[in-house]
Amino acid sequence: MVSYFNLYDWFETGAATSWVVITQPCGTPAPTSTSTGTMSSTNSLTVENLNASTCYHVYVRSVCSDSDKSTWTGPITVNTLNAPLTCGN
């Protein structure tokens, strides 16, 4: 079995010390102000368990406090690789 993942890095231009990342299939509606994602305390995140040959949209937002969050930045479009050939296929 092959596991697909993407590593995302971003630059912070303000004073945020944590970020929320959402990775979702292309065509899914953009996140809203109440959408939840994966919290990161560094400006880098590996997203695992992605499907082969799939288009994803990635969104990031800064979190300065529970009540002070930026708007979502994105989407950035990424595509996972095709599944490798296996014997018998």
Side-chain angles (χ1 to χ4, degrees):
M1 177 176 206
V2 176
S3 177
Y4 292 89
F5 65 93
N6 279 320
L7 172 64
Y8 308 124
D9 295 299
W10 56 91
F11 294 100
E12 173 60 39
T13 58
T17 57
S18 60
W19 300 266
V20 179
V21 179
I22 290 180
T23 301
Q24 57 191 27
C26 292
T28 303
T32 66
S33 62
T34 59
S35 296
T36 59
T38 302
M39 183 68 79
S40 178
S41 60
T42 65
N43 61 339
S44 180
L45 179 70
T46 299
V47 176
E48 300 178 347
N49 300 317
L50 301 175
N51 295 319
S53 306
T54 303
C55 174
Y56 289 96
H57 281 159
V58 181
Y59 298 86
V60 178
R61 75 174 174 178
S62 300
V63 179
C64 295
S65 70
D66 287 342
S67 61
D68 185 11
K69 300 173 185 164
S70 72
T71 58
W72 292 102
T73 299
I76 303 298
T77 301
V78 297
N79 292 285
T80 52
L81 299 174
N82 295 331
L85 297 176
T86 57
C87 294
N89 289 334

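The chain is numbered in sequence order, starting from 1. Values below: every heavy atom of this structure, side chains too, minus hydrogens, waters and symmetry copies.
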request  = Could you list all the disulfide bond (SG atoms under 2.5 Å apart) pairs where at least one residue sits in residues 8-60, not counting sequence neighbours?
outcome  =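 Only C26-C55 qualify under disulfide bond (SG atoms under 2.5 Å apart).
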ask   = To the nearest 0.5 Å, how far apart are CG in D9 and OG1 in T42?
value =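 Going from CG on D9 over to OG1 on T42, the span is 8.5 Å.
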Verify same cluster id: [X], [Y] (apolar side-chain graph, 4.5 Å):
X	Y	result
V47	V78	yes
V20	Y56	no
V21	L50	yes

query = Of all heavy-atom pairs between I22 and G37, which one has the smallest distance, and what is that distance?
reply =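 Reported closest heavy-atom pair: CG1-CA, 3.7 Å.
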inquiry  = Looking at every non-hydrogen atom in both residues, tell me the closest pair between N43 and W19 and how far apart they are.
reply    =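 That would be N-CZ3, 3.7 Å.
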task = Would you please name every residue forming a side-chain hydrogen bond (donor to acceptor under 3.5 Å, both in side chains) with T77, sequence neighbours left out?
result =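 Listed in chain order: H57.
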query = Does T34 have any side-chain hydrogen bond (donor to acceptor under 3.5 Å, both in side chains) partners at least two apart in sequence or in another chain, and if so, which?
reply =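 In terms of side-chain hydrogen bond (donor to acceptor under 3.5 Å, both in side chains), with neighbours along the sequence ignored, T34 is linked to T32.
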Side chain proximity check, Y59 to S35, heavy atoms < 4.5 angstrom =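 The answer is no; the side chains never approach within 4.5 Å.
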query = Are P75 and Q24 side-chain neighbours, meaning at least one heavy-atom pair lies under 4.5 Å?
reply =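 No - every pair of side-chain heavy atoms lies 4.5 Å or more apart.
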Tabulate below the donor-acceptor pairs under 3.5 Å that side-chain atoms of residues 62-70 make, not counting sequence neighbours, or state none.
residue: S62; atom: OG; partner: E12; partner atom: OE1; Å: 2.9
residue: S65; atom: OG; partner: S67; partner atom: N; Å: 3.4
residue: S65; atom: OG; partner: D68; partner atom: N; Å: 3.2
residue: S70; atom: OG; partner: S62; partner atom: N; Å: 2.8

key: Donor-acceptor under 3.5 Å (T80 side chain, S53 main chain)   =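 Yes: the side chain of T80 pairs with the backbone of S53.
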ask   = Who pairs with T38 by side-chain contact (heavy atoms from CB on, under 4.5 Å), at least two apart in sequence or on another chain?
value =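 Testing T38 for side-chain contact (heavy atoms from CB on, under 4.5 Å), a comparison that skips the adjacent residues, returns L45.
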